[in-house]
Amino acid sequence: MTTISRRVLIGRIGAVVGAAALGPRAAAAQGAQAAPPPSPFDVHRDYGPNADPVSYPDQDIITIDPAFNGLRVNNSGIHRLWTGGSWSEGPAWCSQGKYLVWSDVPMGVQRRWIDDDGRVTVFRNPSNNSNGNTFDFQGRQVTCEHTGRRIARYEHDGSITAVAETYMGQRLNSPNDVAAHRDGSYWFTDPAAGFTLYEGAPEVSGGAGNADGRYNSRAGQVIGVGNAKREIMTANVYRADPQSGRVDMMVSSANLAGNPNGIAFSPDYRKVFIVNAGNIHGFDIGADNKLTNQKEFSNMMVDGVRCGTDGIRVDVNGNLWCGSNAGRNLGYSGVTVWAPDGKLLGRIRLPETCANLAFGGPKRNRLFMTAAQSLYAVYVNTQGASPG
């Protein structure tokens, strides 16, 4: 009698249930049935290194559509790699250094998780209350700075380049998230969250957000921070051209009635997805970088629960992986995964609000999730489409 190992058996089950690594159509063509309802969410689960082993497949990786079975790894569990932050955002993977960098926005530091030994170190302090990060096609880290009010790029020689600071002579608000385009440009969102005590510095006395001077905008700040008034009174999306230095507005607040946040491109760079007030909107990108055909990709409703997103990433198959903030609705915060046509494929349940995520690891097949105070990771059966 032939003996089949447990790992091989689990792998075969996953292959039969969801031969769908290329998306939902493969499973649909086989007439696959809808997945059963998930098990109750265990609020007492320990995700740390000393936790009891979990049974595979991980019960907190949930298949909604059979196509998701081609994107998950059945013998991989969710792990908490680190905890102790205040509000974790902006993970990005450095392929050369084999590390993940992310921002603790209120604390004004960037941290780094090192793949070689799992250590977490302070990477940059101060970080100018950095938020979103990415690595461009030349392997350079690009960062959104709240109190710096700019897009900064860290060069290979250790110098810093201010890629974008102003639009039409007016200083930016507080760049939030950035995506590198293969043409060398950087697209970024610019809401005003940096003009707060918790995530940056209030406006100086007389500014729209501090008209009566009640807040001491300079308290606890480095020299030069806390002396500004907001100059652009709308929250927009921009494109920065490093060659010419020109910054163009791509989407105005008239098209996105809220605060634009996360941003990501489709694998062929013919579409851009922008988070706005927790929902996702998609735009077609023309040859001249003009955006057309705006559509709401998803309102982020799952089982009648609002799973508003902050940051998003796209895999090589065009699926969108989105951080989920479901508030007090236990079992709905974490990650939601959507097919290119907007169909919900699956979820990853976490005990904390997940703001942002990134594909990393040497094969770019490990999903890193910055969730409020912690950093989580899980292996998946796909790769990130963008370099960082």
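Residues W338 and G342 approach most closely at CE3-O, 3.3 Å, considering heavy atoms. Closest of all the heavy-atom pairs between R364 and F359 is O-CB, 3.8 Å. Of all the heavy atoms in V163 and A240, the pair that sits closest is CG1-CB, 3.9 Å. Considering every non-hydrogen atom in both P202 and L197, the closest pair reads CG-CD2, 3.6 Å. Here the closest non-hydrogen pair linking I160 and A152 is CG2-CB, 4.1 Å. For S324 against V335, the heavy-atom pair with the smallest separation is CB-N, 4.1 Å.
In terms of hydrophobic clustering, with Ile, Leu, Val, Met, Phe, Trp and Tyr side chains grouped at heavy-atom distances under 4.5 Å, W187 and V251 are assigned to a common cluster. Linking Ile, Leu, Val, Met, Phe, Trp and Tyr whenever their side-chain heavy atoms come within less than 4.5 Å leaves V204 and I232 in two separate clusters. Cluster membership for I280 and I64, using ILVMFWY side-chain heavy atoms within less than 4.5 angstrom, is shared. The hydrophobic cluster containing V122 does not contain Y154, counting ILVMFWY residues as joined when their side-chain heavy atoms lie under 4.5 angstrom apart, directly or transitively. Transitive grouping of hydrophobic side chains (ILVMFWY, heavy atoms separated by less than 4.5 Å) brings I348 and L330 into a common cluster.
The local environment of CZ in R171 is crowded, with over 12 non-hydrogen atoms from other residues, nucleotides or ligands closer than 6.0 Å. Within 6.0 Å of atom CE in M168, 12 or fewer heavy atoms from other residues, nucleotides or ligands are found, so the atom counts as exposed in its surroundings. Counted within 6.0 Å of OH on Y379, heavy atoms from surrounding residues, nucleotides or ligands total 12 or fewer; the atom is thus considered open. Annotation: R270, atom CZ; neighbour count of heavy atoms from other residues, nucleotides and ligands within 6.0 Å does not exceed 12. Counting non-hydrogen atoms of neighbouring residues, nucleotides and ligands closer than 6.0 angstrom, the CG atom of D117 exceeds 12 such neighbours. More than 12 heavy atoms of other residues, nucleotides or ligands shown are found within 6.0 angstrom of CZ on R112.
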Check against side-chain hydrogen bond (donor to acceptor under 3.5 Å, both in side chains), D157 and S159: CA-CA 6 Å; D157 65 2; S159 61; 2.6 Å; yes

Pair Y99-F123, ring-ring contact (aromatic ring centres under 6.0 Å, His included): steps then yes or no: CA-CA 11 Å; Y99 62 80; F123 190 53; 5.3 Å; yes

Going through the checks in order, is the side-chain hydrogen bond (donor to acceptor under 3.5 Å, both in side chains) test met by T161 and E155? CA-CA 7 Å; T161 299; E155 309 295 349; 2.6 Å; yes

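The CG atom of N69 sits 11.0 Å away from the CD1 atom of I61 when rounded to the nearest 0.5 Å. Atom NE2 of residue H146 and atom CG of residue L172 lie 12.0 Å apart, to the nearest 0.5 angstrom. Note that the CG atom of N236 and the CG atom of D248 stand 12.5 Å from one another [nearest 0.5 Å]. In this structure, CG in N259 is found 10.0 Å from CG in D190, a value given to the nearest 0.5 Å. We find the OG1-CE distance between T353 and M369 to be 13.5 Å, quoted to the nearest 0.5 Å. Put simply, OG1 on T309 and CH2 on W321 are 13.5 Å apart, with the number rounded to the nearest 0.5 Å.
Between R239 and D241 there is a salt bridge, since at least one side-chain N of the basic residue sits less than 4.0 Å from a carboxylate O of the acidic one. The pair K271-D284 meets the salt-bridge criterion, since a charged nitrogen lies less than 4.0 angstrom from a carboxylate oxygen. Salt-bridge annotation for R214 and D212: present, with a side-chain N of the basic residue lying under 4.0 Å from a carboxylate O of the acidic one.
A side-chain donor from one of Q59 and S39 sits under 3.5 Å from a side-chain acceptor of the other. A donor atom on one side chain and an acceptor atom on the other are found under 3.5 Å apart for R124 and Q141. A donor atom on one side chain and an acceptor atom on the other are found under 3.5 Å apart for N133 and S103. There is a side-chain donor-acceptor pair under 3.5 Å between D136 and Y186. Looking only at atom types and distance, the side chain of E352 has a donor-acceptor partner in the side chain of S374 under 3.5 Å away. Counting only N and O atoms by type, the side chains of D42 and H44 include no donor and acceptor under 3.5 Å apart. Looking only at atom types and distance, the side chain of N173 has no donor-acceptor partner in the side chain of R149 under 3.5 Å away. Defined by atom type and a distance below 3.5 Å, a donor-acceptor pair is present between the side-chain atoms of T63 and R72.
Here the two rings, on Y376 and F368, have centers that are 6.0 Å apart or farther. You'll find the ring centres of W93 and W102 outside the 6.0 Å limit.
Checked options I312, D341, N279, L320; the residue passing with F297 is L320 (criterion: side-chain contact (heavy atoms from CB on, under 4.5 Å)). Of the listed residues (S88, S86, S127), just one forms a side-chain contact (heavy atoms from CB on, under 4.5 Å) with M107, and that residue is S86. Of the candidates V237, T189, T234, V237 is the only one forming a side-chain contact (heavy atoms from CB on, under 4.5 Å) with L256.
Residues Q294 and L291 fail the side-chain proximity criterion, which asks for heavy atoms closer than 4.5 Å. For the pair L71 and D315, the minimum side-chain heavy-atom distance is below 4.5 Å. Within the 4.5 Å cutoff, side-chain heavy atoms of D104 are placed close to those of P106. Side-chain contact between N289 and M250 is present, with heavy atoms from C-beta onward closer than 4.5 Å. When side chains are defined from C-beta on, W87 counts as touching E199, because their heavy atoms get closer than 4.5 Å. The closest side-chain heavy-atom distance from V378 to S76 is below 4.5 Å.
The backbone N or O of I78 lies less than 3.5 Å from a partner atom in the side chain of D58, making a donor-acceptor pair.
Cation-pi check for R347 over Y332 is met; the charged atom lies under 6.0 angstrom from the ring centroid and within 45 degrees of its normal.
Taking the six-membered ring where the residue is Trp, H181 and F265 present perpendicular rings, their angle passing 60° and hence far from 30°.
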